[in-house]
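Heads up: the structure comes next, in structure tokens.
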Amino acid sequence: MSATNGDDINCTRMCGDNTVPPKDDLPFTFSQEPTLEQLRQTQNTFSKERNWGKFHQPRNLLLALVGEVGELAELFQWRGEVKDGLPGWTEPEREHVAQEMSDVLIYLVRLAEKCHIDLPTAAARKIELNRLKYPVDKVCGSSKKYTEYTAD
Ligand SMILES: Nc1ccn([C@H]2C[C@H](O)[C@@H](COP(=O)(O)OP(=O)(O)OP(=O)(O)O)O2)c(=O)n1
């Protein structure tokens, strides 16, 4: 877990983990819009206009998604550990990261649409499941996999 956002402060309060975020670090937030549903619609229109629906089958989309994850990984390759906020990265480098992350998200949203998975609802539900699987009082400050706690 990184030490620079509000979630860490919560964790510190709830379980006494002494990983304290730097005081001058402002929490980072996303814009409220576009929502995932808006992105789904926009990408759907983009695809219809080009008659690309025939290419956007689940397996093709999954391969495209993995390719874009590779392109994103390439930007971090050989740089060693990278700090929150990408300090020292140039604007063109940051823009490149933003574009590759966007490609990953766009293909994931399109894949979810094609699989009829309501992605925002599924993701929120998964975080709830993760909460149950990783109770704060048991795991705070530890990165162990849940299977390592079952014997406790
Ligand atoms: N059949 C396709 C091709 C592209 N795209 C859209 C989704 C991605 O956001 C982006 C991917 O475009 P490119 O394949 O040109 O890949 P990059 O934008 O990553 O370009 P490059 O590979 O030169 O970095 O375009 C799409 O929806 N369907």
Side-chain angles (χ1 to χ4, degrees), residues 1-12 17 19 21-136 139-148:
M1 186 186 287
S2 73
T4 55
N5 61 32
D7 293 346
D8 291 311
I9 296 169
N10 281 340
C11 182
T12 304
D17 181 6
T19 313
K23 290 256 179 309
D24 55 353
D25 239 342
L26 293 172
F28 173 79
T29 60
F30 293 148
S31 315
Q32 293 294 314
E33 291 193 337
T35 63
L36 288 186
E37 168 56 15
Q38 287 166 335
L39 286 176
R40 184 197 67 74
Q41 287 178 23
T42 309
Q43 173 66 6
N44 185 299
T45 303
F46 169 91
S47 169
K48 271 203 184 97
E49 288 166 348
R50 287 159 183 77
N51 193 21
W52 281 3
K54 58 190 169 191
F55 306 124
H56 286 181
Q57 299 141 340
R59 197 184 58 142
N60 281 348
L61 289 166
L62 179 57
L63 291 172
L65 166 60
V66 171
E68 296 298 344
V69 170
E71 289 184 36
L72 177 61
E74 214 178 334
L75 302 180
F76 288 80
Q77 192 173 291
W78 312 129
R79 294 190 79 125
E81 199 44 270
V82 171
K83 293 215 167 76
D84 278 19
L86 309 183
W89 289 47
T90 64
E91 262 320 300
E93 284 172 334
R94 296 176 62 81
E95 173 59 21
H96 202 168
V97 170
Q99 289 199 12
E100 298 304 348
M101 285 184 179
S102 301
D103 287 334
V104 170
L105 180 64
I106 289 163
Y107 279 133
L108 180 64
V109 165
R110 185 76 165 144
L111 176 61
E113 178 192 52
K114 288 289 171 178
C115 295
H116 294 186
I117 300 293
D118 180 358
L119 191 56
T121 299
R125 201 175 62 228
K126 184 61 172 73
I127 292 173
E128 268 316 304
L129 290 172
N130 294 343
R131 270 193 227 285
L132 298 173
K133 204 163 60 172
Y134 291 101
V136 172
V139 310
C140 191
S142 165
S143 61
K144 279 200 281 184
K145 178 109 181 136
Y146 70 95
T147 44
E148 295 183 57

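Counting starts at 1 for both ligands and their atoms, in listed order.
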Using atom types as modelled, flag every donor-acceptor pair under 3.5 Å from a side chain in residues 111-121 to any protein atom, sequence neighbours excluded.
| unit_1 | atom_1 | unit_2 | atom_2 | d |
| --- | --- | --- | --- | --- |
| Glu113 | OE1 | Arg110 | NH1 | 2.5 |
| Glu113 | OE2 | Arg40 | NH1 | 2.6 |
| Glu113 | OE2 | Asn44 | ND2 | 2.8 |
| Asp118 | OD2 | Thr121 | OG1 | 2.9 |

Exercise for the section: Return the protein residues near ligand 1 (heavy atom under 4.0 Å from any of its atoms), ordered by chain and residue number. Expected result: Gln43, Phe46, Trp52, His56, Glu68, Glu71, Glu100, Asp103, Ile106, Tyr107
Practice task
Mind checking salt bridge (Lys or Arg N to Asp or Glu O under 4.0 Å) for Glu91 and listing every partner two or more places apart, or none if nothing turns up?
Solution key: Arg94
Exercise for the section: Please indicate whether Arg59 has more than 12 foreign heavy atoms, meaning atoms of other residues, nucleotides or ligands, lying under 6.0 Å from its CZ. Expected result: no
Problem - Within 6.0 angstrom of Lys133 NZ, more than 12 heavy atoms from elsewhere - result: yes
Problem - Ile106 and Phe46, any side-chain heavy atoms less than 4.5 Å apart - result: no
Exercise for the section: Report the residues that fulfil salt bridge (Lys or Arg N to Asp or Glu O under 4.0 Å) with Arg131, sequence neighbours left out, ordered by chain and then residue number. Expected result: Glu128
